[in-house]
Colleague: 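Got a structure for you, written out below as C-alpha coordinates; questions coming shortly.
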Amino acid sequence: MSRTTGRTPMVIRSIPDAIAAVPYLLGYHPTDDLVVIGHDGPHNMCAIRVNLPAPDDRAELAATAERVADVLAGNRFRRALVLGYGPADRVDPAASTIGDHLTAHGLALTDAARVAAGRWWSLTCVDSGCCVPSGNPYDSSTTVVAAQATLSGKVALADRSELARSVAPLTGPARTRMRQATARAEERLRSWVSEGLTRSGFHRRMTEEGRSLLRRLHAGAGTDDDIAWLGVLLTNLRVRDEAWVRIDDDHPDHEIDFWRDVLRRVDEAYATAPACLLAYVAYVAGDGGLANVALERADPEYSMANLLGWAMETGAPPSVVRLNMTPEDLAAAHAAQDERLTDGAIGGEERLDL
(Lines give C-alpha, C1' and ligand atoms only; values in the text may rest on other atoms or scores of the structure.)
Protein backbone atom coordinates (compact mmCIF):
# COMPACT_ATOMS: atom_id res chain seq x y z
CA MET A 1 0.00 0.00 0.00
CA SER A 2 1.35 3.41 -0.97
CA ARG A 3 0.30 6.50 0.93
CA THR A 4 0.92 10.00 -0.39
CA THR A 5 0.23 13.24 1.43
CA GLY A 6 0.10 16.40 -0.64
CA ARG A 7 2.28 19.23 0.68
CA THR A 8 0.99 21.67 -1.94
CA PRO A 9 -2.81 21.88 -1.72
CA MET A 10 -4.60 20.81 -4.89
CA VAL A 11 -8.16 21.96 -5.40
CA ILE A 12 -10.15 18.93 -6.57
CA ARG A 13 -13.71 19.85 -7.53
CA SER A 14 -14.58 17.05 -9.94
CA ILE A 15 -13.64 13.60 -11.21
CA PRO A 16 -11.51 15.12 -14.04
CA ASP A 17 -9.65 17.17 -11.42
CA ALA A 18 -9.00 14.01 -9.39
CA ILE A 19 -7.82 12.11 -12.48
CA ALA A 20 -5.44 14.97 -13.26
CA ALA A 21 -4.11 15.08 -9.69
CA VAL A 22 -3.43 11.37 -9.14
CA PRO A 23 -0.33 11.01 -11.39
CA TYR A 24 1.32 13.90 -9.54
CA LEU A 25 0.31 12.55 -6.13
CA LEU A 26 1.72 9.11 -6.94
CA GLY A 27 4.62 10.24 -9.14
CA TYR A 28 3.46 8.14 -12.11
CA HIS A 29 0.39 7.37 -14.22
CA PRO A 30 -1.49 4.39 -12.71
CA THR A 31 -2.72 1.63 -15.02
CA ASP A 32 -3.82 -1.31 -12.87
CA ASP A 33 -4.41 0.35 -9.54
CA LEU A 34 -7.03 1.46 -7.08
CA VAL A 35 -6.52 4.96 -5.69
CA VAL A 36 -8.46 6.37 -2.74
CA ILE A 37 -8.11 10.08 -2.02
CA GLY A 38 -8.91 11.10 1.53
CA HIS A 39 -9.79 14.75 2.14
CA ASP A 40 -11.56 17.03 4.60
CA GLY A 41 -9.19 16.08 7.40
CA PRO A 42 -6.31 17.50 9.45
CA HIS A 43 -3.54 16.42 7.03
CA ASN A 44 -4.56 18.26 3.85
CA MET A 45 -5.07 15.38 1.41
CA CYS A 46 -4.01 11.74 1.33
CA ALA A 47 -3.86 9.41 -1.68
CA ILE A 48 -3.62 5.68 -0.99
CA ARG A 49 -2.69 3.36 -3.87
CA VAL A 50 -3.16 -0.40 -3.80
CA ASN A 51 -2.90 -3.04 -6.47
CA LEU A 52 -6.24 -3.71 -8.09
CA PRO A 53 -7.45 -6.90 -6.36
CA ALA A 54 -8.69 -9.87 -8.35
CA PRO A 55 -12.52 -9.81 -8.43
CA ASP A 56 -12.83 -13.49 -7.48
CA ASP A 57 -10.61 -13.16 -4.39
CA ARG A 58 -13.18 -11.81 -1.96
CA ALA A 59 -10.95 -12.25 1.07
CA GLU A 60 -8.15 -10.17 -0.44
CA LEU A 61 -10.65 -7.57 -1.63
CA ALA A 62 -12.25 -7.24 1.81
CA ALA A 63 -8.88 -7.11 3.56
CA THR A 64 -7.63 -4.40 1.19
CA ALA A 65 -10.80 -2.35 1.60
CA GLU A 66 -10.66 -2.64 5.39
CA ARG A 67 -7.02 -1.61 5.50
CA VAL A 68 -7.59 1.47 3.34
CA ALA A 69 -10.68 2.56 5.26
CA ASP A 70 -8.92 2.02 8.59
CA VAL A 71 -5.96 4.18 7.53
CA LEU A 72 -8.14 7.08 6.39
CA ALA A 73 -10.43 6.91 9.40
CA GLY A 74 -7.45 6.57 11.73
CA ASN A 75 -6.01 9.76 10.29
CA ARG A 76 -9.34 11.53 10.76
CA PHE A 77 -10.28 12.10 7.15
CA ARG A 78 -14.01 12.61 6.77
CA ARG A 79 -14.49 12.22 3.03
CA ALA A 80 -12.98 10.09 0.27
CA LEU A 81 -13.01 9.68 -3.49
CA VAL A 82 -12.26 6.40 -5.27
CA LEU A 83 -10.63 5.95 -8.69
CA GLY A 84 -10.10 2.52 -10.23
CA TYR A 85 -7.76 2.09 -13.18
CA GLY A 86 -8.48 -0.96 -15.30
CA PRO A 87 -11.33 -3.07 -16.77
CA ALA A 88 -14.85 -2.87 -15.39
CA ASP A 89 -14.95 -6.48 -14.16
CA ARG A 90 -12.06 -5.73 -11.80
CA VAL A 91 -12.63 -2.08 -10.93
CA ASP A 92 -16.37 -2.11 -10.24
CA PRO A 93 -16.42 -4.75 -7.46
CA ALA A 94 -13.26 -3.32 -5.89
CA ALA A 95 -14.59 0.23 -5.86
CA SER A 96 -17.94 -0.95 -4.48
CA THR A 97 -16.28 -2.88 -1.66
CA ILE A 98 -13.97 0.01 -0.82
CA GLY A 99 -16.95 2.35 -0.74
CA ASP A 100 -18.85 0.09 1.67
CA HIS A 101 -15.89 -0.11 4.05
CA LEU A 102 -15.30 3.65 3.92
CA THR A 103 -18.93 4.27 4.81
CA ALA A 104 -18.74 1.73 7.63
CA HIS A 105 -15.79 3.65 9.07
CA GLY A 106 -17.74 6.92 9.02
CA LEU A 107 -16.31 8.47 5.84
CA ALA A 108 -18.54 9.99 3.20
CA LEU A 109 -17.91 8.69 -0.33
CA THR A 110 -17.92 11.85 -2.43
CA ASP A 111 -17.53 10.04 -5.77
CA ALA A 112 -16.14 6.98 -7.49
CA ALA A 113 -15.10 6.36 -11.07
CA ARG A 114 -13.38 3.88 -13.35
CA VAL A 115 -10.60 5.24 -15.56
CA ALA A 116 -9.25 3.61 -18.71
CA ALA A 117 -7.97 4.56 -22.17
CA GLY A 118 -8.46 8.30 -21.78
CA ARG A 119 -12.04 8.00 -20.51
CA TRP A 120 -13.83 7.75 -17.18
CA TRP A 121 -17.10 6.22 -16.04
CA SER A 122 -18.95 7.31 -12.91
CA LEU A 123 -19.68 4.46 -10.49
CA THR A 124 -22.08 6.51 -8.38
CA CYS A 125 -24.23 8.26 -10.97
CA VAL A 126 -27.87 7.06 -10.94
CA ASP A 127 -29.00 9.20 -13.87
CA SER A 128 -28.37 7.19 -17.04
CA GLY A 129 -28.92 10.30 -19.13
CA CYS A 130 -25.79 12.10 -17.90
CA CYS A 131 -23.23 9.32 -18.41
CA VAL A 132 -22.70 7.92 -21.89
CA PRO A 133 -21.86 4.18 -22.12
CA SER A 134 -18.65 4.91 -23.99
CA GLY A 135 -17.37 6.99 -21.08
CA ASN A 136 -16.40 10.62 -20.64
CA PRO A 137 -13.18 11.74 -22.37
CA TYR A 138 -10.70 13.78 -20.39
CA ASP A 139 -7.50 15.70 -21.06
CA SER A 140 -5.60 16.19 -17.82
CA SER A 141 -3.00 18.42 -19.43
CA THR A 142 -5.52 21.26 -19.75
CA THR A 143 -6.68 21.26 -16.11
CA VAL A 144 -5.84 23.78 -13.42
CA VAL A 145 -4.68 20.88 -11.23
CA ALA A 146 -2.04 19.85 -13.77
CA ALA A 147 -0.87 23.45 -14.07
CA GLN A 148 -0.58 23.74 -10.27
CA ALA A 149 1.40 20.51 -10.10
CA THR A 150 3.76 21.56 -12.87
CA LEU A 151 4.39 24.96 -11.29
CA SER A 152 5.20 23.31 -7.95
CA GLY A 153 7.80 21.09 -9.67
CA LYS A 154 5.89 17.79 -9.56
CA VAL A 155 6.58 15.22 -12.27
CA ALA A 156 4.43 12.27 -13.34
CA LEU A 157 6.33 9.36 -14.89
CA ALA A 158 4.80 6.89 -17.33
CA ASP A 159 4.24 4.09 -14.81
CA ARG A 160 5.49 2.63 -11.54
CA SER A 161 8.29 0.68 -13.24
CA GLU A 162 9.72 3.94 -14.56
CA LEU A 163 9.58 5.37 -11.05
CA ALA A 164 11.44 2.30 -9.77
CA ARG A 165 14.08 2.75 -12.47
CA SER A 166 14.65 6.30 -11.23
CA VAL A 167 16.22 4.83 -8.07
CA ALA A 168 17.81 1.75 -9.66
CA PRO A 169 21.61 1.25 -9.52
CA LEU A 170 23.63 2.84 -12.29
CA THR A 171 25.00 0.41 -14.84
CA GLY A 172 27.77 0.24 -17.43
CA PRO A 173 30.97 2.27 -17.05
CA ALA A 174 29.50 4.28 -14.16
CA ARG A 175 28.96 1.06 -12.18
CA THR A 176 32.49 -0.12 -12.95
CA ARG A 177 33.93 3.15 -11.66
CA MET A 178 31.83 2.95 -8.50
CA ARG A 179 32.87 -0.66 -7.90
CA GLN A 180 36.52 0.43 -8.06
CA ALA A 181 35.83 3.43 -5.81
CA THR A 182 34.08 1.17 -3.29
CA ALA A 183 37.09 -1.13 -3.15
CA ARG A 184 39.28 1.90 -2.37
CA ALA A 185 36.85 3.07 0.33
CA GLU A 186 36.81 -0.35 1.99
CA GLU A 187 40.61 -0.49 1.93
CA ARG A 188 40.73 2.98 3.47
CA LEU A 189 38.56 1.84 6.36
CA ARG A 190 40.59 -1.34 6.84
CA SER A 191 43.76 0.71 7.06
CA TRP A 192 42.47 2.27 10.28
CA VAL A 193 42.68 -1.11 11.99
CA SER A 194 46.44 -1.22 11.52
CA GLU A 195 46.77 2.11 13.33
CA GLY A 196 45.74 0.47 16.60
CA LEU A 197 42.72 2.71 17.15
CA THR A 198 40.59 2.01 20.19
CA ARG A 199 36.94 1.17 19.60
CA SER A 200 35.87 4.62 20.73
CA GLY A 201 38.56 6.20 18.58
CA PHE A 202 37.40 4.22 15.54
CA HIS A 203 33.82 5.29 16.20
CA ARG A 204 34.80 8.96 16.64
CA ARG A 205 36.84 8.97 13.46
CA MET A 206 33.94 7.57 11.42
CA THR A 207 31.65 10.24 12.89
CA GLU A 208 34.10 13.07 12.17
CA GLU A 209 34.72 11.83 8.64
CA GLY A 210 30.99 11.48 8.07
CA ARG A 211 30.14 14.95 9.32
CA SER A 212 32.83 16.58 7.22
CA LEU A 213 31.90 14.64 4.10
CA LEU A 214 28.18 15.35 4.46
CA ARG A 215 28.83 19.09 4.74
CA ARG A 216 31.07 19.03 1.68
CA LEU A 217 28.76 16.91 -0.46
CA HIS A 218 25.73 19.05 0.29
CA ALA A 219 27.69 22.04 -0.96
CA GLY A 220 28.38 20.46 -4.35
CA ALA A 221 28.58 17.30 -6.45
CA GLY A 222 30.74 14.49 -5.11
CA THR A 223 33.27 12.34 -6.91
CA ASP A 224 32.92 8.58 -7.20
CA ASP A 225 35.37 8.21 -4.30
CA ASP A 226 33.33 10.64 -2.19
CA ILE A 227 30.08 8.76 -2.75
CA ALA A 228 31.67 5.36 -2.18
CA TRP A 229 33.25 6.62 1.04
CA LEU A 230 29.91 8.03 2.20
CA GLY A 231 28.26 4.68 1.55
CA VAL A 232 30.82 2.94 3.76
CA LEU A 233 30.57 5.55 6.52
CA LEU A 234 26.77 5.34 6.58
CA THR A 235 27.04 1.80 7.91
CA ASN A 236 27.81 3.56 11.20
CA LEU A 237 24.43 4.46 12.75
CA ARG A 238 25.80 7.68 14.20
CA VAL A 239 26.82 8.83 10.72
CA ARG A 240 23.40 7.75 9.40
CA ASP A 241 21.75 9.80 12.12
CA GLU A 242 24.00 12.78 11.32
CA ALA A 243 22.70 12.61 7.75
CA TRP A 244 19.10 12.16 8.92
CA VAL A 245 19.11 15.10 11.31
CA ARG A 246 20.61 17.41 8.68
CA ILE A 247 17.87 16.79 6.10
CA ASP A 248 15.97 20.02 5.46
CA ASP A 249 12.33 18.92 5.64
CA ASP A 250 11.08 22.33 4.53
CA HIS A 251 13.07 22.27 1.28
CA PRO A 252 13.05 18.61 0.26
CA ASP A 253 13.67 18.87 -3.49
CA HIS A 254 17.45 19.26 -3.18
CA GLU A 255 17.55 16.52 -0.55
CA ILE A 256 15.60 14.16 -2.82
CA ASP A 257 17.98 14.82 -5.71
CA PHE A 258 21.00 14.32 -3.46
CA TRP A 259 19.94 11.04 -1.85
CA ARG A 260 18.58 9.64 -5.10
CA ASP A 261 22.00 10.24 -6.66
CA VAL A 262 23.77 8.61 -3.71
CA LEU A 263 21.45 5.61 -3.76
CA ARG A 264 21.94 5.02 -7.48
CA ARG A 265 25.72 5.26 -7.24
CA VAL A 266 26.66 3.33 -4.10
CA ASP A 267 27.44 -0.37 -4.23
CA GLU A 268 24.41 -2.54 -3.48
CA ALA A 269 25.99 -3.68 -0.20
CA TYR A 270 25.78 -0.06 1.02
CA ALA A 271 22.34 0.84 -0.40
CA THR A 272 20.21 0.42 2.72
CA ALA A 273 21.02 3.66 4.57
CA PRO A 274 20.79 5.92 1.48
CA ALA A 275 17.58 4.14 0.46
CA CYS A 276 16.03 4.86 3.85
CA LEU A 277 17.18 8.48 3.84
CA LEU A 278 15.68 8.98 0.38
CA ALA A 279 12.47 7.23 1.45
CA TYR A 280 12.29 9.47 4.51
CA VAL A 281 12.65 12.77 2.68
CA ALA A 282 10.26 11.63 -0.08
CA TYR A 283 7.67 10.66 2.53
CA VAL A 284 8.04 14.00 4.30
CA ALA A 285 7.67 15.74 0.93
CA GLY A 286 4.41 13.90 0.30
CA ASP A 287 5.80 11.68 -2.44
CA GLY A 288 4.65 8.27 -1.25
CA GLY A 289 5.36 6.60 -4.60
CA LEU A 290 9.02 7.56 -4.51
CA ALA A 291 9.24 6.68 -0.81
CA ASN A 292 7.95 3.18 -1.52
CA VAL A 293 10.29 2.38 -4.42
CA ALA A 294 13.25 3.78 -2.48
CA LEU A 295 12.40 1.63 0.55
CA GLU A 296 12.33 -1.45 -1.70
CA ARG A 297 16.10 -0.97 -2.12
CA ALA A 298 16.67 -1.29 1.65
CA ASP A 299 17.16 -4.32 3.88
CA PRO A 300 13.69 -4.82 5.43
CA GLU A 301 15.29 -5.83 8.75
CA TYR A 302 17.05 -2.45 9.10
CA SER A 303 15.55 -0.42 11.96
CA MET A 304 14.93 2.74 9.93
CA ALA A 305 13.36 0.68 7.15
CA ASN A 306 11.04 -0.89 9.72
CA LEU A 307 10.02 2.53 11.04
CA LEU A 308 9.33 3.95 7.59
CA GLY A 309 7.53 0.81 6.44
CA TRP A 310 5.26 0.98 9.49
CA ALA A 311 4.51 4.67 8.84
CA MET A 312 3.61 4.04 5.20
CA GLU A 313 1.50 0.98 5.97
CA THR A 314 -0.49 2.68 8.71
CA GLY A 315 -0.75 6.06 7.00
CA ALA A 316 0.99 7.84 9.86
CA PRO A 317 1.72 11.53 9.24
CA PRO A 318 5.35 12.39 8.38
CA SER A 319 5.79 14.07 11.77
CA VAL A 320 6.02 10.66 13.48
CA VAL A 321 9.22 9.73 11.59
CA ARG A 322 11.05 13.01 12.09
CA LEU A 323 13.95 13.01 14.51
CA ASN A 324 13.09 16.54 15.72
CA MET A 325 16.68 17.05 16.79
CA THR A 326 19.47 19.46 15.97
CA PRO A 327 23.00 18.19 15.35
CA GLU A 328 23.80 19.43 18.86
CA ASP A 329 20.91 17.41 20.31
CA LEU A 330 22.16 14.36 18.46
CA ALA A 331 25.68 14.81 19.82
CA ALA A 332 24.34 15.00 23.37
CA ALA A 333 22.17 11.92 22.88
CA HIS A 334 25.13 9.89 21.62
CA ALA A 335 27.58 11.12 24.28
CA ALA A 336 26.49 8.58 26.89
CA GLN A 337 26.57 5.77 24.34
CA ASP A 338 30.08 6.76 23.27
CA GLU A 339 31.28 6.50 26.87
CA ARG A 340 30.07 2.90 27.05
CA LEU A 341 32.20 1.78 24.11
CA THR A 342 34.96 -0.61 25.09
CA ASP A 343 38.30 1.15 24.97
CA GLY A 344 40.24 -1.85 23.64
CA ALA A 345 42.18 -1.75 20.39
CA ILE A 346 40.54 -3.08 17.24
CA GLY A 347 42.54 -5.85 15.68
CA GLY A 348 43.89 -9.27 16.59
CA GLU A 349 41.28 -11.87 15.84
CA GLU A 350 38.58 -9.25 15.13
CA ARG A 351 37.97 -8.11 11.59
CA LEU A 352 35.90 -5.54 9.73
CA ASP A 353 32.87 -7.02 8.03
CA LEU A 354 33.59 -5.50 4.62
Colleague: Please tell me whether His218 and Phe258 form a close aromatic pair, meaning their ring centres lie under 6.0 Å apart.
Modeller: yes
Colleague: Would you check if the side chain of Asn75 reaches a backbone N or O of Gly315 as a donor-acceptor pair within less than 3.5 Å?
Modeller: yes
Colleague: Decide, yes or no, whether a salt bridge links Glu187 with Arg190 under the criterion of side-chain N to carboxylate O below 4.0 Å.
Modeller: yes
Colleague: Measure the spacing between CE of Met325 and CD of Glu328 and express it to the nearest 0.5 Å.
Modeller: 10.5 Å
Colleague: Are any of the side-chain heavy atoms of His39 and Arg78 separated by less than 4.5 Å?
Modeller: no
Colleague: Which atom names give the shortest non-hydrogen contact between Val82 and Ala95, and what distance separates them?
Modeller: CG1-CB, 4.1 Å
Colleague: Between Ala88 and Pro93, what is the shortest heavy-atom contact and its length?
Modeller: O-CD, 3.7 Å
Colleague: Taking all non-hydrogen atoms of both residues into account, name the closest pair between Ile15 and Leu81 and its distance.
Modeller: CD1-CD1, 4.2 Å
Colleague: Per the side-chain hydrogen bond (donor to acceptor under 3.5 Å, both in side chains) rule, what does the pair list look like for residues 87-96, sequence neighbours excluded?
Modeller: Asp32-Arg90
Colleague: Would you say the side chain of Asp226 lies within less than 4.5 Å of the side chain of Leu213, judging by non-hydrogen atoms?
Modeller: yes
Colleague: Could you tell me whether the side chain of Pro169 reaches within less than 4.5 Å of the side chain of Arg264, counting heavy atoms only?
Modeller: no
Colleague: Among side-chain atoms of Ser303 and Asn306, is any donor-acceptor pair under 3.5 angstrom?
Modeller: no
Colleague: Atom CG of Leu25 and atom CD1 of Ile37: how far apart are they, to the nearest 0.5 Å?
Modeller: 6.0 Å
Colleague: Does CZ belonging to Arg76 count more than 12 external heavy atoms closer than 6.0 Å?
Modeller: no
Colleague: Write down the atom of Val321, the atom of Tyr280, and the distance for their closest heavy-atom approach.
Modeller: O-CE1, 3.3 Å
Colleague: Where is the tightest heavy-atom contact between Leu234 and Ala243, given as atom of each residue plus distance?
Modeller: CD2-CB, 4.2 Å
Colleague: Begin from the C-alpha positions of Val68 and Val71 and carry the test side-chain contact (heavy atoms from CB on, under 4.5 Å) through to its verdict.
Modeller: CA-CA 5 Å; Val68 170; Val71 166; 5.9 Å; no
Colleague: Please determine whether side-chain contact (heavy atoms from CB on, under 4.5 Å) holds for the pair Leu189 and Phe202, giving the CA-CA distance in whole Å, both sets of side-chain angles, and the decisive distance to 0.1 Å.
Modeller: CA-CA 10 Å; Leu189 192 66; Phe202 195 93; 3.8 Å; yes
Colleague: Same hydrophobic cluster for Val50 and Leu61, using side-chain heavy-atom links shorter than 4.5 Å among ILVMFWY?
Modeller: no
Colleague: Under a 3.5 Å threshold, yes or no: a donor from one side chain and an acceptor from the other, between Arg49 and Tyr28?
Modeller: yes
Colleague: Run the side chain to side chain donor-acceptor pair (under 3.5 Å) test on His251 and Asp248 for me, step by step, so that the C-alpha distance in whole Å, both residues' side-chain angles and the decisive distance to 0.1 Å come before the verdict.
Modeller: CA-CA 6 Å; His251 301 89; Asp248 185 353; 3.1 Å; yes
Colleague: Does the Asp241 side chain pair with the main chain of Arg238, one donor and one acceptor, at a distance under 3.5 Å?
Modeller: no
Colleague: Any salt bridge between Glu296 and Arg160, counting N to O under 4.0 Å?
Modeller: yes
Colleague: Does this structure show an ion pair linking Arg246 with Glu242, if we count only N-O contacts that are shorter than 4.0 Å?
Modeller: yes
Colleague: Between Arg205 and Glu195, is a salt bridge (charged side-chain N to carboxylate O under 4.0 Å, His left out) present by the stated rule, with each step listed?
Modeller: CA-CA 12 Å; Arg205 183 179 288 189; Glu195 296 179 26; 3.0 Å; yes
Colleague: Can Leu277 be reached from Leu170 by stepping across I, L, V, M, F, W or Y side chains whose heavy atoms are under 4.5 Å apart?
Modeller: no
Colleague: Side chains of Asp17 and Tyr138: donor-acceptor distance under 3.5 Å anywhere?
Modeller: no
Colleague: Taking all heavy atoms of Leu72 and all of Gly38, pick out the closest pair and write down the distance.
Modeller: CD2-CA, 4.0 Å
Colleague: Is a side-chain N or O of Asp70 found less than 3.5 angstrom from the main chain of Glu66, in a donor-acceptor match?
Modeller: no
Colleague: Answer whether the closest heavy-atom distance between the side chains of Arg184 and Trp229 falls below 4.5 Å.
Modeller: no
Colleague: Could you tell me if Thr97 and Asp100 have a donor-acceptor pair between their side chains, going purely by distance under 3.5 Å?
Modeller: no
Colleague: For a side-chain contact (heavy atoms from CB on, under 4.5 Å) check, start with the C-alpha distance between Val35 and Tyr85, then their side-chain angles and the critical distance, and finish with the verdict.
Modeller: CA-CA 8 Å; Val35 180; Tyr85 295 80; 4.0 Å; yes
Colleague: Using 0.5 Å steps for rounding, measure from the CG atom of Leu263 to the CD1 atom of Ile227.
Modeller: 11.0 Å
Colleague: Could you check whether Arg188 pairs with Glu209 (Lys NZ or Arg NE/NH1/NH2 to Asp/Glu carboxylate O, under 4.0 Å)?
Modeller: yes
Colleague: With no hydrogens and no angle check, do the side chains of Thr124 and Asp111 hold a donor and an acceptor under 3.5 Å apart?
Modeller: yes
Colleague: Answer with yes or no whether the side chains of Asp225 and Thr223 bring together a donor and an acceptor at under 3.5 Å.
Modeller: no
Colleague: Which distance, rounded to the nearest 0.5 Å, do you find between the CG of Leu26 and the CG of Asp33?
Modeller: 7.0 Å
Colleague: Would you call Tyr283 and Leu295 a side-chain contact if the rule is heavy atoms closer than 4.5 Å?
Modeller: no
Colleague: Distance from Leu109 atom CG to His101 atom NE2, nearest 0.5 Å?
Modeller: 13.0 Å
Colleague: Test side-chain contact (heavy atoms from CB on, under 4.5 Å) on Tyr302 and Leu308; report intermediate values, then the result.
Modeller: CA-CA 10 Å; Tyr302 189 65; Leu308 292 168; over 6 Å; no
Colleague: Do Met206 and Thr235 have side chains that get closer than 4.5 Å, going by heavy atoms?
Modeller: yes
Colleague: Distance only, no hydrogens: is a donor on one side chain within 3.5 Å (strictly under) of an acceptor on the other, for Arg265 and Tyr270?
Modeller: no
Colleague: Would you call Arg179 and Asp267 a salt bridge, taking side-chain N to carboxylate O under 4.0 Å as the test?
Modeller: no
Colleague: With no hydrogens and no angle check, is any side-chain donor or acceptor of Asn136 less than 3.5 Å from a backbone partner on Trp120?
Modeller: yes
Colleague: Is Asp159 reaching over with its side chain to a backbone N or O of Ser161, donor-acceptor style, under 3.5 angstrom?
Modeller: yes
Colleague: Are side-chain heavy atoms of Leu83 and Val36 found at a separation under 4.5 Å?
Modeller: no
Colleague: Is there a path of hydrophobic side-chain contacts, each under 4.5 Å between heavy atoms of I, L, V, M, F, W or Y residues, that connects Ile48 with Leu107?
Modeller: yes
Colleague: Please determine which of Leu290, Ile247, Val284 meets the side chain to side chain contact (heavy atoms under 4.5 Å, CB included) test together with Ile256.
Modeller: Leu290
Colleague: Give a yes or no answer on whether the side chain of Thr314 reaches the backbone of Trp310 with a donor-acceptor pair at less than 3.5 Å.
Modeller: yes
Colleague: Find out whether Val266 and Leu230 are in side-chain contact, i.e. whether some heavy atom of one side chain is under 4.5 Å from a heavy atom of the other.
Modeller: no
Colleague: Nearest 0.5 angstrom please: Thr110 OG1 to Arg79 CZ, how far?
Modeller: 6.0 Å
